[in-house]
2 protein chains.
Amino acid sequence: MKLEKRTRSYNDACGTAHALDLIGERWALLVIRELMLGPKRFSDLKADLPGISANVLTQRLEGLEATGLVRRRRLPPPGVAQVYELTDWGYEAEPIVQALGRWATRSPAHDPRLPLSATSLMLSFRTMQAPERVAGLAATIGFRIGDQHLVARIADGRVHTERGDPDGADLILTGAAEAIAALVYGHVPLEALTAAGALTAEGDTALAATFATLFPLPPKVGSESVAQ
Amino acid sequence: MKLEKRTRSYNDACGTAHALDLIGERWALLVIRELMLGPKRFSDLKADLPGISANVLTQRLEGLEATGLVRRRRLPPPGVAQVYELTDWGYEAEPIVQALGRWATRSPAHDPRLPLSATSLMLSFRTMQAPERVAGLAATIGFRIGDQHLVARIADGRVHTERGDPDGADLILTGAAEAIAALVYGHVPLEALTAAGALTAEGDTALAATFATLFPLPPKVGSESVAQ
DNA sequence: CGGCATCCGGGAAGATACTG
DNA sequence: CAGTATCTTCCCGGATGCCG
């Protein structure tokens with residue numbers, strides 16, 4: 001284990017270029033994305049980042065820790081596990097994640113049916129919500145995705161998402177993130193997903209249809225923009 | 001010339017991940033940044049991107065053209081040159097460039113005295129302007145940076161930047177982008193820069209000091225955020 | 001000169017196996 | 001569970017050279 005010389009830099013005073021020096025390496029921003037809802041353990045990060053290898057994840061975490069975006073913390077006695085969490089500055093990267101996400105959904109090549117992590121799904125709710133559709137609504141929807149428990153709270157004209165106990169929510173959806181994405185973004189009816197065994201719904205199942213209207217996708221890039 | 005198999009993908013339905021599939025390769029976003037103010041020729045791109053090699057620039061332009069972000073256009077007869085320009089969708093990436101730039105200026109490692117392109121400087125004015133400081137002002141500042149002519153128009157509570165003829169501006173600054181950055185972000189007085197021969201000012205030179213107050217940098221990340 | 005293709009060396013990423 | 005070690009592959013960066 002030798003001291004690394006610093007990663008090759010763009011050597012550019014432009015803030016954008018410096019940002020790429022910090023988080024431009026492959027996987028770096030997706031690691032940050034996965035920590036956006038709170039601390040995670042190494043193995044959870046690895047499981048939620050389809051395709052990353054252990055050594056690359058180790059390198060990214062080391063790098064992000066060195067630049068002050070990620071902090072390593074040992075959990076209190078009950079569990080011996082250690083977790084990685086974003087620093088305040090790390091959390092401030094959320095607008096970047098959102099700007100990228102919003103922009104890329106216009107891509108003709110974007111396939112919303114690919115694998116999806118629970119964190120990505122929750123962040124997409126933050127990004128894609130349409131204020132004029134959310135206005136006046138009040139509800140709480142709980143999610144059980146694998147062993148992750150999450151909540152979307154609709155209030156004050158905004159959809160708030162966070163980790164939390166789904167119990168007591170008006171509607172609780174249990175299933176894979178991809179199935180919930182099919183409901184919200186693919187506009188597959190809840191009944192079709194429950195019938196297929198992809199999703200389980202408890203509570204106010206009619207709420208699901210309303211929820212699915214809150215996150216309209218921007219129009220795909222049309223031929224007028226791409227053709228020469 | 002064989003058909004390339006498409007670049008390795010994150011294979012993730014998350015919009016952020018797809019954005020990285022599109023513009024996550026090294027240099028890609030900086031190429032887009034350099035085209036943000038309008039079309040450029042290959043050699044201008046190469047000159048304005050310190051450190052990029054010709055073959056990598058070729059690859060990036062091919063890739064960006066294939067994804068529909070960049071268009072290649074042959075200029076009308078007077079010049080045989082061809083230029084690269086962003087598509088509408090490509091221009092829509094500006095919020096990404098801005099989010100990255102704004103976020104990265106908080107980095108302790110950010111050195112604003114590194115080389116800087118004229119385009120980066122103009123975009124930084126868009127990004128970093130403080131509306132409460134711009135309010136009520138009206139002025140036009142012209143820039144001659146190398147052979148590039150640019151204008152910043154202060155009106156309607158906003159700073160607008162674009163390519164344009166500096167003649168007739170209230171103040172015209174001639175010099176390297178780094179010198180103008182020293183004025184605006186380094187708060188080096190205009191007199192010091194003109195005395196050193198780094199900058200030439202014509203017109204309302206007092207305007208320079210006002211202009212330099214319009215773009216406050218956010219506070220650097222402090223020890224409270226980085227320390228464990 | 002502008003716009004590439006080609007070859008090469010170094011280094012980062014990916015896959016797998018292995019260890020405390 | 002949380003990484004390390006090793007090997008292979010591929011990308012990046014630099015140099016050169018071709019061709020209009």
Side-chain angles (χ1 to χ4, degrees), chain A residues 1-12 17 20-31 34-35 39-66 70 72-75 77-85 147, chain B residues 1-12 17 20-21 23-31 34-35 39-66 70-75 77-85 147:
Chain A
M1 180 199 300
K2 60 172 164 299
L3 260 287
E4 312 271 336
K5 69 169 177 300
R6 73 162 168 289
T7 175
R8 75 192 145 186
S9 159
Y10 287 109
N11 224 63
D12 189 324
L20 295 175
D21 283 338
L22 298 173
I23 55 172
E25 282 171 310
R26 197 163 161 78
W27 292 107
L29 194 60
L30 297 185
V31 170
E34 283 305 315
L35 293 175
K40 276 189 181 178
R41 293 183 301 181
F42 186 94
S43 55
D44 294 328
L45 283 170
K46 184 152 166 24
D48 292 336
L49 290 169
I52 199 173
S53 58
N55 51 4
V56 171
L57 180 54
T58 300
Q59 288 173 25
R60 282 312 94 92
L61 288 170
E62 281 173 357
L64 293 172
E65 191 180 5
V70 163
R72 186 182 317 224
R73 197 155 50 90
R74 194 158 291 278
L75 284 185
V80 238
Q82 75 180 326
V83 294
Y84 296 87
E85 71 177 348
D147 56 355
Chain B
M1 181 198 299
K2 61 171 165 299
L3 261 286
E4 312 273 336
K5 67 168 178 302
R6 74 162 167 290
T7 175
R8 71 191 148 188
S9 160
Y10 287 109
N11 224 64
D12 188 324
L20 295 175
D21 283 338
I23 55 172
E25 283 172 308
R26 196 164 163 78
W27 293 107
L29 194 60
L30 297 186
V31 170
E34 284 306 315
L35 294 176
K40 276 189 182 178
R41 293 183 300 181
F42 187 94
S43 54
D44 294 327
L45 284 170
K46 183 151 165 28
D48 292 336
L49 290 169
I52 198 173
S53 59
N55 51 3
V56 170
L57 179 55
T58 299
Q59 287 173 26
R60 283 312 94 91
L61 287 170
E62 281 173 356
L64 293 172
E65 191 180 5
V70 163
R71 182 188 306 140
R72 186 182 318 225
R73 198 155 50 89
R74 193 158 291 279
L75 284 186
V80 239
Q82 74 181 325
V83 294
Y84 296 86
E85 70 177 347
D147 56 355

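Worth saying up front: this structure is predicted, and the values here are computed from it rather than measured. Quick note on labels: first sequence line is chain A, next is B, and so on, each numbered from 1.
B/N55 contributes a side-chain N or O that forms a donor-acceptor pair with the base of D/dG14 under 3.5 Å.
Rounded to an integer number of Å, the gap from A/R73 CZ to D/dA2 C1' is 17 Å. Atom-to-atom, CZ of B/R8 to P of D/dC10 comes out at 9 Å; the value is rounded to the nearest Å. Atom-to-atom, CD of A/Q59 to C1' of D/dT6 comes out at 13 Å; the value is rounded to the nearest Å. Atoms CG (A/D21) and P (C/dA12) sit 14 Å apart, rounded to a whole Å. With rounding to whole Å, A/L61 atom CG is found 14 Å from D/dT4 atom C1'. When rounded to the nearest whole Å, the span between CG of A/L57 and C1' of C/dA15 equals 15 Å.
In this structure, A/W27 does not reach the C/dA12 phosphate: none of its side-chain N or O atoms is under 4.0 Å from OP1 or OP2. For the OP1/OP2 pair of D/dC11 and a distance below 4.0 Å, the side-chain nitrogens and oxygens of A/R26 include no atom meeting the criterion. Regarding contacts with the backbone of D/dG3, a side-chain N or O of A/Q82 is found under 4.0 angstrom from either OP1 or OP2. Phosphate contact (OP1/OP2 of C/dG3, side-chain N/O of B/R60, threshold under 4.0 Å): absent.
A/L61 places a side-chain heavy atom less than 4.5 Å from the side chain of A/L45. Contact annotation: the side chain of A/W27 never approaches that of B/L20 to less than 4.5 Å [non-hydrogen atoms, C-beta and beyond].
Of the listed nucleotides (C/dA13, C/dG3, C/dA15), C/dG3 has the atom at the smallest distance from the side chain of B/R72.
Residues B/K46 and B/L57 approach most closely at N-CD2, 3.8 Å, considering heavy atoms. Heavy atoms only, all atoms of each residue included: B/D21 and B/Y10 are closest at OD1-N, 3.0 Å. For the pair B/D12 and B/A17, the tightest heavy-atom approach, listed with the atom from each and the gap, is CB-CB, 3.5 Å.
Comparing B/Y84 and A/I52 by the nucleotide of DNA chain C that holds the closest heavy atom to each, the one mapping nearer the 5' end is B/Y84. Across the interface with DNA chain D, nearest-nucleotide mapping of B/G51 and A/T58 shows A/T58 to be the residue nearer the 5′ end.
Only B/F42, B/S43, listed by number, bring a heavy atom of residues 40-49 of chain B to less than 4.0 angstrom from any atom of DNA chain C.
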Side-chain polar contacts of residues 48-56 of chain A - donor-acceptor pairs under 3.5 angstrom, sequence neighbours left out - could you list them?
| from | atom 1 | to | atom 2 | distance (Å) |
| --- | --- | --- | --- | --- |
| A/D48 | OD2 | A/K40 | NZ | 2.7 |
| A/S53 | OG | A/N55 | OD1 | 2.7 |

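Judged purely by atom type and a 3.5 angstrom limit, B/R26 has no side-chain atom pairing as donor or acceptor with the backbone of A/G24.
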